[in-house]
Enquirer: 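Attaching a single structure in structure tokens format; questions to follow.
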Amino acid sequence: QWGLATGLRWKTPHLSATVDVFAHRIQDYISRQPVGILGPNTVFGYRPRDAEFWGTEIGLVWQPVDRVEFPLSFGVTKARDVSTHTGLAEVPPWEATGGVRARSILFERPCRTELGFRYVAARTNPDPVDAPLWANTMDFGLIHLRAEVDLHEQFTLTAAVENLFDQDHY
């Protein structure tokens with residue numbers, strides 16, 4: 001339905017920083033909810049509901065030498081069902097990312113590679129009656145590997161593995 005986002009940017013030759021805040025109201029946000037019981041199992045379906053999201057993100061990129069960067073970010077998000085005012089269980093309370101990014105030339109085209117991590121905080125289910133599937137979730141971390149090649153000024157080819165070591169998280 002609507003969204004508002006604003007932010008500040010600050011940059012020096014070796015460091016850039018961003019601070020962003022946002023608020024969004026999404027009509028018919030799709031969420032997983034129980035719809036019945038089949039034997040001992042609960043059957044889930046997808047149901048639309050109006051939702052509100054708000055939060056902030058802080059980002060830093062340190063570039064100590066040419067072609068090498070260290071991006072870091074920290075974000076907090078809150079979300080709730082508009083009609084019941086209960087939190088959305090699938091939205092983690094906060095997460096942090098970081099990594100090392102290198103820029104180079106491949107076949108005379110600019111390219112970038114990044115090895116990084118994402119840490120997601122534990123979440124207590126704010127709505128265990130309507131969203132029991134989500135339960136309480138433990139914190140977890142993932143390692144990613146990404147690569148990009150600029151094929152043209154307007155086209156970039158991107159490849160990424162977001163869970164590099166294929167970790168299971170429950």
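The figures that follow rest on heavy atoms only: side chains count, while hydrogens, waters and symmetry mates do not. Note that the coordinates shown come from a computational prediction; the quantities given were computed from them, not determined experimentally.
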Enquirer: Please find the pair of heavy atoms, one from T97 and one from E95, that lie closest to each other, and give the distance.
Expert: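 In terms of heavy atoms, the two residues are closest at CG2-OE2, 4.3 Å.
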Enquirer: To the closest 0.5 Å, what do you measure between CZ (F70) and CG (L72)?
Expert: 9.5 Å
Enquirer: In terms of hydrophobic clusters joined by side-chain contacts under 4.5 Å, are F165 and V100 together?
Expert: yes
Enquirer: As an exercise, state the distance from CG of L145 to CD of E162, rounded to the nearest 0.5 Å.
Expert: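 Those atoms lie 9.5 Å apart.
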Enquirer: Verify whether one side chain among E52 and H24 offers a donor that lies under 3.5 Å from an acceptor in the other.
Expert: no
Enquirer: So V82 and R49, side chain to side chain contact (heavy atoms under 4.5 Å, CB included) or not? Walk me through it.
Expert: CA-CA 8 Å; V82 172; R49 57 181 165 176; over 6 Å; no
Enquirer: Measuring from atom OH of Y46 to atom CD1 of I30, what distance do you get when rounded to the nearest 0.5 angstrom?
Expert: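 Rounded to the nearest 0.5 Å, the OH-CD1 separation comes to 10.0 Å.
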Enquirer: Is the distance between the ring centroids of W54 and F22 under 6.0 Å?
Expert: no
Enquirer: So, do L115 and I143 sit near enough that their side-chain heavy atoms are less than 4.5 Å apart?
Expert: yes
Enquirer: Which heavy atom in Q63 sits nearest to a heavy atom in P13, and how many Å separate them?
Expert: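 The pair with the smallest heavy-atom distance is OE1-O, 4.3 Å.
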Enquirer: I want to check something: taking the side chain as every heavy atom from C-beta on, are R146 and V161 in contact at a cut-off of under 4.5 Å?
Expert: no
Enquirer: Are H14 and P64 side-chain neighbours, meaning at least one heavy-atom pair lies under 4.5 Å?
Expert: no
Enquirer: Shortest non-hydrogen contact from P92 to A121?
Expert: CB-O, 4.3 Å
Enquirer: Just verifying a value: how many Å separate E57 CD and W94 CH2, rounded to the nearest 0.5 Å?
Expert: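 Between atom CD of E57 and atom CH2 of W94 there are 13.0 Å.
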Enquirer: Return yes if some donor-acceptor pair links the side-chain N/O of R123 with the main-chain N/O of V91 below 3.5 Å, else return no.
Expert: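 The answer is yes, because a donor-acceptor pair under 3.5 Å joins these two groups.
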Enquirer: Taking all non-hydrogen atoms of both residues, which atom of A51 and which atom of Y29 are closest, and how far apart?
Expert: CB-CB, 3.9 Å
Enquirer: First locate atom CG of D166, then atom CG of L142, and finally report the distance between them rounded to the nearest 0.5 Å.
Expert: 10.5 Å
Enquirer: Quick check: do E148 and C111 have side-chain heavy atoms less than 4.5 Å from each other?
Expert: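 Heavy-atom side-chain distance check fails, nothing below 4.5 Å.
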Enquirer: What's the verdict on side chain to side chain contact (heavy atoms under 4.5 Å, CB included) for T156 and V149, showing C-alpha distance, side-chain angles and the deciding distance?
Expert: CA-CA 6 Å; T156 299; V149 176; over 6 Å; no
Enquirer: Grouping I, L, V, M, F, W and Y whenever their side-chain heavy atoms are under 4.5 Å apart, do V68 and F117 come out in a common cluster?
Expert: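 Yes, V68 and F117 fall within the same hydrophobic cluster.
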Enquirer: Hey, does L8 have a side-chain heavy atom less than 4.5 Å from the side chain of T18?
Expert: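 A side-chain contact is absent here, since even the closest heavy-atom pair is not under 4.5 Å.
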Enquirer: Hey, are Y119 and D139 close enough side-chain-wise for a donor-acceptor pair under 3.5 Å?
Expert: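 Y119 and D139 do have a side-chain donor-acceptor pair below 3.5 Å.
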Enquirer: From L157 CG over to L106 CG, what is the distance, rounded to the nearest 0.5 angstrom?
Expert: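 The CG atom of L106 is 10.0 Å from CG of L157, to the nearest 0.5 Å.
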Enquirer: Mind checking whether D20 and T56 have side chains closer than 4.5 Å, heavy atoms only?
Expert: no
Enquirer: Is there a path of hydrophobic side-chain contacts, each under 4.5 Å between heavy atoms of I/L/V/M/F/W/Y residues, joining W62 to W10?
Expert: yes
Enquirer: Do you reckon V21 sits in the same ILVMFWY cluster as F53, going by side-chain contacts under 4.5 Å, direct or chained?
Expert: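 V21 and F53: separate clusters.
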Enquirer: If I compare all heavy atoms of W2 with all of L4, which pair ends up nearest, and what's the gap?
Expert: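 Answer, listing the atom of W2 first, then L4: CE3-N, 4.3 Å.
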Enquirer: Do E69 and E114 come within less than 4.5 Å of each other through their side chains, counting heavy atoms only?
Expert: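 Sidechains of E114 and E69: no contact.
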Enquirer: Over all heavy atoms of both residues, which pair between H144 and G98 is shortest? Give the atoms and the distance, please.
Expert: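 Minimum heavy-atom separation between H144 and G98: CE1-O, 4.3 Å.
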Enquirer: Does the side chain of D150 reach to within under 4.5 Å of the side chain of R112, using non-hydrogen atoms?
Expert: yes
Enquirer: Transitively linked via ILVMFWY side-chain contacts under 4.5 Å: L60 with V19?
Expert: no
Enquirer: Without hydrogens or angle criteria, can the side chains of T86 and D81 be said to hold a donor-acceptor pair below 3.5 Å?
Expert: no
